[in-house]
Novice: 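My questions will all concern the structure given below.
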Amino acid sequence: MERFPLSFYQRDVLEVAPLILGKTLFCKVDNAVKTFQINEVEAYRGEEDLACHAAKGKTPRTKIMYDEGGHVYVYLIYGMYWMLNIVTAEKNNPQALLIRGITGFNGPGKLTKALNIDKTYYGENLATSKRIWVSNNEEAIKFSTTPRIGIDYAGEPWKSKLWRFVVDK
DNA sequence: AGCAAGATCGGT
DNA sequence: CCGATCTTGCTG
């Protein structure tokens, strides 16, 4: 299956989330390309979403979210865990999907450690990168939604939005 | 220049 | 529940 082009990511993050669930993530680890199924993601949707880093506007860290969808947004949290995100929507509409789970690794900090993902992936283009991309497959999946994890500080209505998408077992 | 907080995780 | 660990963005 061919990798998704940038256009796949250039629509609302709430549209991309269910579409990307169950799809195949390719990542080069120790010089070998490995594949994983994406089974948990969270949507962060624009400056109005107080849980989204873009709520603070465009900064050196968040500027990639203002670029067109299909790029990678990586940042360090708690001084020790890299978070892997995929930017969605059109240019200047800052949205991103946090990858929280893939086959074999549940938890956003654990999967980036397993894939050796760090700040050097910031801005990577999923349509042309040689070390990370996503492709379609024939998987038929069902999913459930829940509130997002660890963002209670954002308050209502954001902390209650059902913007965490999980593949059913 | 200094500081508080954070999209986590593993051990008590 | 608590600590590890350090970048970021805000304040002064």
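Here is how names work: the chains are called A, B, and so on, in the same order as the sequence lines, proteins then strands, and each is numbered from 1. The figures here come from the full heavy-atom set of this structure, side chains too, leaving out hydrogens, waters and symmetry mates.
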Novice: Hey, does the side-chain of A:Tyr78 have a donor or acceptor N/O within less than 3.5 Å of a partner on the base of B:dA5?
Specialist: no
Novice: Please work out which residues in residues 102-115 of chain A have a non-hydrogen atom less than 4.0 Å from an atom of DNA chain B and list them by number.
Specialist: A:Gly107, A:Pro108, A:Gly109, A:Lys110
Novice: With both distances under 3.5 angstrom, what nucleotide forms a Watson-Crick or G-U wobble pair with B:dA5?
Specialist: C:dT7
Novice: For the pair made of CG in A:Leu162 and P in B:dA7, what is the distance, rounded to whole Å?
Specialist: 20 Å
Novice: Would you check if the side chain of A:Arg100 reaches a backbone N or O of A:Val166 as a donor-acceptor pair within less than 3.5 Å?
Specialist: no
Novice: Starting at atom CG of A:Leu76, determine the distance to atom P of B:dC9, rounded to an integer number of angstrom.
Specialist: 13 Å
Novice: May I ask you to test the A:Thr112-A:Phe105 pair for a side-chain heavy-atom distance under 4.5 Å?
Specialist: no
Novice: Expressed as a whole number of Å, how far does the P atom of C:dT5 sit from that of B:dG2?
Specialist: 22 Å
Novice: Choosing from B:dT8, C:dG9, B:dA7, which nucleotide comes nearest the side chain of A:Tyr73?
Specialist: B:dA7
Novice: Between C:dG9, B:dA7, B:dT8, which one does the side chain of A:His53 approach most closely?
Specialist: B:dA7
Novice: Is the shortest distance from a Lys or Arg side-chain nitrogen in A:Glu42 or A:Arg148 to a carboxylate oxygen in the other one below 4.0 Å?
Specialist: no
Novice: Considering just the side-chain nitrogens and oxygens of A:Arg100, establish if one lies under 4.0 Å of OP1 or OP2 belonging to B:dT8.
Specialist: yes
Novice: Calculate the interatomic distance between A:Ile86 atom CD1 and B:dA7 atom P; express it in whole Å.
Specialist: 19 Å
Novice: Closest to the A:Met80 side chain: B:dT8, C:dT5, C:dT7?
Specialist: C:dT5
Novice: Does a donor on one side chain and an acceptor on the other come within less than 3.5 Å for A:Tyr66 and A:Glu47?
Specialist: yes
Novice: For residues 21-32 of chain A, run the donor-acceptor check on the side chains, cut-off 3.5 Å, and write out each pair with its distance to 0.1 Å, sequence neighbours left out.
Specialist:
from, atom 1, to, atom 2, distance (Å)
A:Lys23, NZ, A:Leu19, O, 2.7
A:Thr24, OG1, A:Asn137, ND2, 2.9

Novice: So with a 6.0 Å cut-off around CD of A:Glu156, is the heavy-atom count from everything else above 12?
Specialist: yes
